[in-house]
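All values below come from the heavy atoms of this structure, side chains included, with hydrogens, waters and symmetry mates left out. In this text the structure is predicted, and so the values were computed from the model without any measurement. This chain uses plain numbering: 1 for the first residue, then up along the sequence.
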Amino acid sequence: MTDEKLDQVLRQALAPKIDDIEIQVDKRRKDEMRRFDRIKKGVAAAAAVAVVFVGIVGIVGIGYFNPVLAAKIPLIGRIFERIEEKVVYSGDYTEKSSVLTKEDVTGNLDTFEYSVSDKGVTLTASEVYCDGYSVFAAVKIEANDADFTHIPKHYTGMYIEEQQLAAGFYIDGTWSADENSWERLENSFEGEVIDSHIFAGMLKINFAEKLEGSGQLSLKITGLGYDDDRMLDSEDISASHWIEGNWNLDIPFEVNEADVKRIEVGEKRGEITLEDVVISPYQVIVHTETPGKQRELTDDRREKLLSKDPDLTDEQMFEILGWSYQPCQTIVFNQDGEMLYSDMEMAGRAGFAVQGKEIQMLYVFIFDNLEDWCQMKEEGMESSVADKAVIAKEIYVE
């Protein structure tokens with residue numbers, strides 16, 4: 001038996017077993033994680049609908065494999081390969097990502113530079129990819145006293161029938177790409193439960209401005225948590241298992257501009273401008289200019305407002321300050337009329353997952369009415385509300 005065949009057999013044997021009973025839940029349950037979604041809550045109504053659907057999947061019996069067997073297949077250095085077809089921003093990362101750390105079949109790492117432990121939990125950065133607009137970091141989370149096998153899964157594909165599923169792991173703390181300005185983490189790890197004590201996931205962080213050359217993603221993680229499918233009847237299952245601690249990681253990256261295109265548009269209708277569209281191997285980004293984007297909330301002003309009420313959304317903060325706030329809702333289709341998976345949208349930026357779809361043409365529809373946006377999302381590109389879009393633009397990519 002060849003090494004490649006053995007690897008394939010073992011990976012199939014190690015895959016979690018999922019039964020046919022799927023408990024459907026709204027994605028808002030996944031996104032209601034304590035106070036991590038301050039920016040997301042500013043467009044909560046749009047975000048709640050923008051996601052296709054989330055499912056909690058029942059696990060049959062133990063459903064996972066022997067950790068001793070798992071140790072025979074190196075995970076560190078191959079996390080993208082393991083999870084790349086499960087996560088929202090799916091695709092082939094093998095040729096584009098950089099490997100930071102590797103391990104042998106006994107679990108020994110070739111470097112401990114990207115591994116940090118606290119409170120019985122170890123985080124190890126494995127691989128990284130950056131397209132200049134976002135950084136994607138693959139990380140292993142290991143905790144000897146945990147039981148990850150009850151972390152529920154959610155749908156990450158465009159359609160439920162595709163059965164594209166991933167588990168989620170919450171994260172709190174701050175991040176920086178230059179060690180000068182720090183932002184609060186508004187993200188979560190998305191990936192796969194390997195066994196009771198190991199979770200392999202990807203963290204995607206978006207940059208406010210395009211980066212070039214090389215850089216370093218600095219993470220100051222102060223909390224980690226995960227849901228438990230045995231607590232679905234609870235009013236608030238979010239991060240039902242939570243660990244406070246300090247995990248600081250510095251992850252170097254090189255901007256990989258291969259297959260990344262930025263197309264200037266500059267079309268303005270009313271107070272909304274479609275500035276440009278970015279296409280990379282894993283995402284499409286639509287940049288807009290809106291009244292809400294013209295006045296940025298500084299960190300100092302934001303912190304002062306949040307000190308009075310930590311649950312304030314961006315929209316509420318704009319109202320308190322007497323500023324206008326006009327978020328828009330965006331939908332994108334490719335040349336075949338396939339709608340791209342919509343991620344969170346905030347003032348100035350809408351993100352969409354490519355998920356292996358061919359991108360030759362893009363059809364961008366921007367609405368200022370949430371109901372119209374929802375209807376088009378339901379009916380597709382030929383929706384009767386297409387002519388109600390503030391901006392409808394056909395963009396040639398290739």
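By the side chain to side chain donor-acceptor pair (under 3.5 Å) test, Ser115 is found to be paired with Thr124, residues two or more places apart in sequence or in another chain being considered. With sequence neighbours excluded, the residues that form a side chain to side chain contact (heavy atoms under 4.5 Å, CB included) with Ser383 are Gln375, Met376, Glu379, Val385. Partners of Glu142 according to the salt bridge (charged side-chain N to carboxylate O under 4.0 Å, His left out) rule, which considers only residues two or more places apart in sequence or in another chain, are Lys140. Val121 pairs by the side chain to side chain contact (heavy atoms under 4.5 Å, CB included) definition with Leu123, Ile141, Ala143, Leu224, Ile243, Trp247, not counting sequence neighbours. Residues forming a side chain to side chain contact (heavy atoms under 4.5 Å, CB included) with Glu264 (at least two apart in sequence, or on another chain): Arg262, Asp276. Residues forming a salt bridge (charged side-chain N to carboxylate O under 4.0 Å, His left out) with Arg269 (at least two apart in sequence, or on another chain): Glu267.
Panel note: side chain His154, backbone Ala166; a donor-acceptor pair is recorded below 3.5 Å. Checking side-chain atoms of Glu289 against main-chain N and O of Ile272 turns up no donor-acceptor pair under 3.5 Å. The backbone N or O of Phe80 sits less than 3.5 Å from a side-chain atom of Glu127, completing a donor-acceptor pair.
Aromatic ring pairs are classed by plane angle as parallel below 30°, tilted from 30° to 60° and perpendicular above 60°; the pair Phe148 and Tyr226 is perpendicular.
Between Glu190 and Thr156, the shortest heavy-atom distance links the atoms OE2-CG2, 3.3 Å. Minimum interatomic distance between Leu340 and Lys357 (heavy atoms only, all atoms of both residues): CD2-CD, 3.7 Å.
A 6.0 Å sphere centred on CD of Glu371 holds no more than 12 heavy atoms belonging to other residues, nucleotides or ligands.
Inter-residue side-chain proximity for Val354 and Val284 is flagged as met; some heavy-atom pair is nearer than 4.5 Å. No side-chain heavy atom of Thr330 sits less than 4.5 Å from a side-chain heavy atom of Phe365. Using a 4.5 Å cut-off on side-chain heavy atoms (C-beta onward), Ser176 and Thr174 make no contact.
In the model, Asp250 has no side-chain atom that pairs as donor or acceptor with a side-chain atom of Tyr114 under 3.5 Å.
The only option from Asn187, Val135, Val139 that meets the side-chain contact (heavy atoms from CB on, under 4.5 Å) definition with Leu203 turns out to be Asn187.
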